[in-house]
**Student:** 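Could you have a look at this structure, given as structure tokens, before my questions?
Residue numbers start from 1 in every chain, and the chains themselves are labelled A, B, ... in the order their sequence lines are given, proteins ahead of strands.
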There are 4 protein chains.
Amino acid sequence: MPPSTAPRSWKEKQRQEREALILQTAEEVFCEKGYHETSIDEIAARVGIAKGTVYLHFPSKEDLLVALFRRDTEQVISEVEAIASSPGCSAREKLEAILHLLYGELFKKRTRLFYSIYNSPEMRVLLEKKKEMGDHWGQLTHCLEELLAEGQAAGEFDPELPTSVMLSLFLNLVSVRGYERLVGQEGLAPAEVARYLARIYFKGIAAEHKPSC
Amino acid sequence: MPPSTAPRSWKEKQRQEREALILQTAEEVFCEKGYHETSIDEIAARVGIAKGTVYLHFPSKEDLLVALFRRDTEQVISEVEAIASSPGCSAREKLEAILHLLYGELFKKRTRLFYSIYNSPEMRVLLEKKKEMGDHWGQLTHCLEELLAEGQAAGEFDPELPTSVMLSLFLNLVSVRGYERLVGQEGLAPAEVARYLARIYFKGIAAEHKPSC
Amino acid sequence: MPPSTAPRSWKEKQRQEREALILQTAEEVFCEKGYHETSIDEIAARVGIAKGTVYLHFPSKEDLLVALFRRDTEQVISEVEAIASSPGCSAREKLEAILHLLYGELFKKRTRLFYSIYNSPEMRVLLEKKKEMGDHWGQLTHCLEELLAEGQAAGEFDPELPTSVMLSLFLNLVSVRGYERLVGQEGLAPAEVARYLARIYFKGIAAEHKPSC
Amino acid sequence: MPPSTAPRSWKEKQRQEREALILQTAEEVFCEKGYHETSIDEIAARVGIAKGTVYLHFPSKEDLLVALFRRDTEQVISEVEAIASSPGCSAREKLEAILHLLYGELFKKRTRLFYSIYNSPEMRVLLEKKKEMGDHWGQLTHCLEELLAEGQAAGEFDPELPTSVMLSLFLNLVSVRGYERLVGQEGLAPAEVARYLARIYFKGIAAEHKPSC
DNA sequence: TATGAATGAGAGTTCATTCAT
DNA sequence: CATGAATGAACTCTCATTCAT
């Protein structure tokens with residue numbers, strides 16, 4: 001029980017918890033009202049702290065967005081890579097697991113903003129200013145592209161399809177708009193939607209049946 | 001030969017042309033820099049008119065966005081409905097034509113913003129404030145949904161799939177992000193991409209082969 | 001009477017007058033309360049315009065200060081150079097005229113800030129950031145230094161004194177603090193003070209009397 | 001051997017040393033960056049203590065400035081008065097000693113700020129708010145004025161010159177701007193500069209030679 | 001009708017100051 | 001005593017909107 005590290009780690013813990021809370025709240029408000037329509041004042045008010053305290057953790061509003069993007073990206077990437085590197089699974093099984101992960105699990109909590117970011121010129125401009133994203137996003141797409149190529153090589157997926165097209169469509173399986181329509185309005189279960197999407201997608205990219213007969 | 005309507009219609013024509021030019025320019029800048037990062041001043045400057053003149057056509061910046069959304073939606077809807085109501089085509093053929101329309105034709109000029117709008121909380125909030133979109137968008141999705149249901153009824157598409165899921169995925173076939181990656185970076189032709197996407201999609205939702213043989 | 005230049009020049013005139021008024025007011029308030037204690041709001045209020053209007057003329061508060069410095073410096077320099085280049089006068093006569101100019105004329109209106117600027121670390125830091133002053137100030141001191149050297153060469157001033165010391169002291173003859181004490185509190189006339197200062201200064205730097213008798 | 005005062009005096013000594021260190025550091029930073037551009041945080045960081053500790057010694061940032069002013073003023077006054085009251089010297093000798101004191105000794109360490117203070121509206125406003133300075137400054141000028149009057153009465157200095165003008169110019173002999181130019185840039189020794197300044201000044205205010213022949 | 005100078009509400013950001021630890 | 005996280009008033013600057021010309 002080191003008395004010198006205990007207080008430091010306690011303070012540090014406090015600090016990180018508050019930081020996470022600010023991020024969480026910011027994501028919520030950004031999603032509800034959009035980045036520009038949200039004032040730092042409102043985020044602070046919802047967290048229950050003063051405006052200045054937000055600046056103790058994030059040097060600017062833009063950095064708050066960047067931190068959010070990073071947080072979500074890292075979370076997603078680590079989970080996706082864990083799945084991608086799990087042994088004894090076919091490419092299809094891995095991709096299906098990733099789809100379920102993205103669709104089911106993450107949507108409940110965070111990452112809604114994450115998906116909106118690249119779709120909106122608004123956000124893209126901001127993040128490009130900060131030179132974030134490129135690498136993170138590239139990491140993720142690279143990982144998925146390899147799985148798809150792997151599946152094609154293994155004869156699971158149609159080898160005539162450009163991998164990039166398959167990738168692009170895979171990324172578009174998961175969308176906030178679709179989620180809200182299907183899960184929010186129609187009342188379907190996330191897992192169910194993911195299953196249907198997987199069914200369509202993998203059937204669509206499947207290799208032709210060997211004319212064995 | 002009504003002498004009073006002739007000048008009026010000429011004036012009116014001038015007016016509409018200028019309005020269209022403002023809209024076109026606004027769409028360009030909004031796409032480049034995002035709605036909030038764009039000032040009315042910049043739009044006016046690019047058009048070559050004064051700031052005040054923009055307000056002669058559109059009562060507010062938000063209304064400019066709404067008009068843009070309406071313009072694109074109406075254009076898309078009318079073309080889509082034309083295709084949908086063309087006789088002698090199967091549902092699949094119609095949907096494929098629509099996909100090509102959306103992907104190939106429109107992307108060259110406008111509608112980039114159109115796709116970004118619903119994906120971004122930023123924009124959605126603005127348009128909801130103005131109570132636009134609901135109807136227009138609903139009209140479009142309704143039209144597509146009917147085609148899909150029609151195809152299921154005709155035995156073209158898998159009847160076990162919820163139409164709403166098919167619709168959602170169809171809408172996600174077309175994305176700005178995908179377009180930029182595939183056409184902009186990879187150098188694929190829009191029509192080629194659309195063909196691949198159609199191939200995957202329709203194979204994915206196809207009804208099972210009747211074991212007729 | 002060109003109708004095309006008239007409106008432009010009228011607008012331009014309006015603009016310049018307003019700009020001058022803002023500068024004048026800013027100088028007053030800066031002198032009264034100091035640069036940092038003065039808010040743009042207060043300047044605008046005193047001029048009787050809105051805050052934004054100030055920014056139509058000066059891109060930032062710092063630029064307002066720079067413009068002020070430039071305005072005063074240019075005015076002083078041009079007048080000083082006019083005196084310095086007037087023919088048929090001895091160096092002493094010219095310097096005396098300059099002293100009277102600085103002391104008497106300018107103090108009534110502007111340039112109070114001007115003298116404070118280099119004396120205060122506060123201001124110096126700001127202006128150095130904007131890379132202004134160096135040249136202007138150098139121009140002025142160079143002009144004076146030449147006059148002093150000229151006087152030494154002509155046998156008017158003591159050649160043993162370093163010109164730079166003479167220059168430094170000449171510049172210090174004129175000070176806001178001294179002005180306020182002598183003119184403001186003691187009630188002396190500016191011209192009278194200048195005469196006394198000149199008497200002391202020129203006697204102090206005079207060349208030794210040739211023991212001609 | 002009072003056991004209660006010993007620790008108190010030790011504590012007190014500690015306290016005063018720290019206070020002096022804060023003052024010294026504050027003067028340095030104020031001189032470098034200006035009062036308003038300096039944050040309490042920076043002062044504390046340079047001293048190596050926490051921000052709050054500064055407030056244990058000085059109730060506000062303004063009070064820090066006031067304390068600085070008072071410290072320098074008192075130091076100067078006591079030394080000046082010591083010189084002024086030294087017996088067996090002429091007024092000129094005393095004033096010359098004072099000039100050397102001000103110019104040579106003090107400039108090496110502190111008092112740079114001290115001279116800037118009255119020259120800048122920025123600072124003057126602050127100190128006037130706190131109603132400091134008047135007395136201290138008055139004490140100093142009064143002392144000098146008496147010496148000058150004494151010199152005039154003794155026939156050393158020109159009796160026709162208003163004492164206040166002589167005083168004002170004497171105060172202006174010493175300036176930060178001049179010091180930096182002559183000592184900092186030109187490389188002259190402080191004592192040398194002071195000698196030249198004294199030579200000019202006292203020659204300038206000297207009483208006319210009695211036409212004894 | 002077109003203009004663009006003027007407006008002023010509102011946002012992001014800073015930092016002197018406080019106080020629980 | 002010392003600390004430094006938290007505070008929030010105040011400031012600079014932006015830009016959608018208006019309106020006299």
**Student:** If the cut-off is 4.0 Å, is A/Thr53 near the phosphate of F/dA5, judged by side-chain N/O to OP1 or OP2?
**Tutor:**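 No, A/Thr53 has no side-chain N/O under 4.0 Å of OP1/OP2 on F/dA5.
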**Student:** Can you give one letter per nucleotide of nucleotides 12-21 of chain E, 5' to 3': B if a protein heavy atom sits under 4.0 Å from the base, S if only from the sugar-phosphate, - if neither?
**Tutor:** SBB-SBB---
**Student:** Tell me, do A/Phe58 and A/Val66 make a side-chain contact under 4.5 Å, heavy atoms counted?
**Tutor:**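 Counting from C-beta outward, A/Phe58 and A/Val66 never come under 4.5 Å.
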**Student:** Once side-chain contact (heavy atoms from CB on, under 4.5 Å) is applied, do any residues pair with B/Gln16, and if so which ones, sequence neighbours excluded?
**Tutor:**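 Testing B/Gln16 for side-chain contact (heavy atoms from CB on, under 4.5 Å), a comparison that skips the adjacent residues, returns B/Glu12.
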**Student:** May I have the distance from C/Ile22 (atom CD1) to E/dT7 (atom P), rounded to whole angstrom?
**Tutor:**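 About 10 Å, once rounded to whole Å.
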**Student:** How close do D/Ile43 and D/Ala26 get, heavy atom to heavy atom, and via which atoms?
**Tutor:**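 Reported closest heavy-atom pair: CD1-CB, 4.0 Å.
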**Student:** State, yes or no, whether a side-chain contact exists between C/Arg18 and C/Leu56 at a heavy-atom distance under 4.5 Å.
**Tutor:**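 Heavy-atom side-chain distance check fails, nothing below 4.5 Å.
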**Student:** Using Watson-Crick or G-U wobble pairs with both distances under 3.5 Å, give me DNA chain E in dot-bracket, 5' to 3', with [ ] for crossers and | for pairs to another strand.
**Tutor:** .||||||||||||||||||||
**Student:** Less than 4.5 Å apart, any side-chain heavy atom of B/Glu32 and any of B/Glu37?
**Tutor:**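 No; the side chains remain at least 4.5 Å from each other.
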**Student:** Measure from CG on C/Leu64 to P on F/dC11 and round the result to the nearest Å.
**Tutor:**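 It works out to 16 Å between those atoms.
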**Student:** Tell me which nucleotide among F/dT3, F/dT7, E/dA2 gets nearest to the side chain of B/Arg18.
**Tutor:**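 Ranking F/dT3, F/dT7, E/dA2 by closest atom to the B/Arg18 side chain puts E/dA2 first.
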**Student:** Tell me which one of D/Arg71, D/Glu19, D/Arg46 satisfies side-chain hydrogen bond (donor to acceptor under 3.5 Å, both in side chains) with D/Gln24.
**Tutor:**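 Testing each of D/Arg71, D/Glu19, D/Arg46 against D/Gln24, the sole residue satisfying side-chain hydrogen bond (donor to acceptor under 3.5 Å, both in side chains) is D/Arg71.
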**Student:** If we only count heavy atoms from C-beta on, is the B/Val47 to B/Val54 side-chain gap below 4.5 Å?
**Tutor:**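 No. Closest side-chain heavy atoms not under 4.5 Å.
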**Student:** Can you check the B/Leu21 CG to E/dA2 P distance for me, whole Å?
**Tutor:**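 Taking atom P of E/dA2 as the reference, CG of B/Leu21 is at 13 Å.
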**Student:** Contact between D/His57 and D/Leu23 at the side-chain level, heavy atoms closer than 4.5 Å - yes or no?
**Tutor:**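 Of all side-chain heavy-atom pairs linking D/Leu23 with D/His57, none is under 4.5 Å.
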**Student:** From CD of D/Glu42 over to P of F/dG4, roughly how many Å is that when rounded to an integer?
**Tutor:**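 It works out to 17 Å between those atoms.
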**Student:** Look at all strands and tell whether B/Arg15 reaches a base, only sugar-phosphate, or nothing, counting heavy atoms closer than 4.0 Å.
**Tutor:**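 Since no nucleic acid heavy atom lies under 4.0 Å of B/Arg15, the category is nothing.
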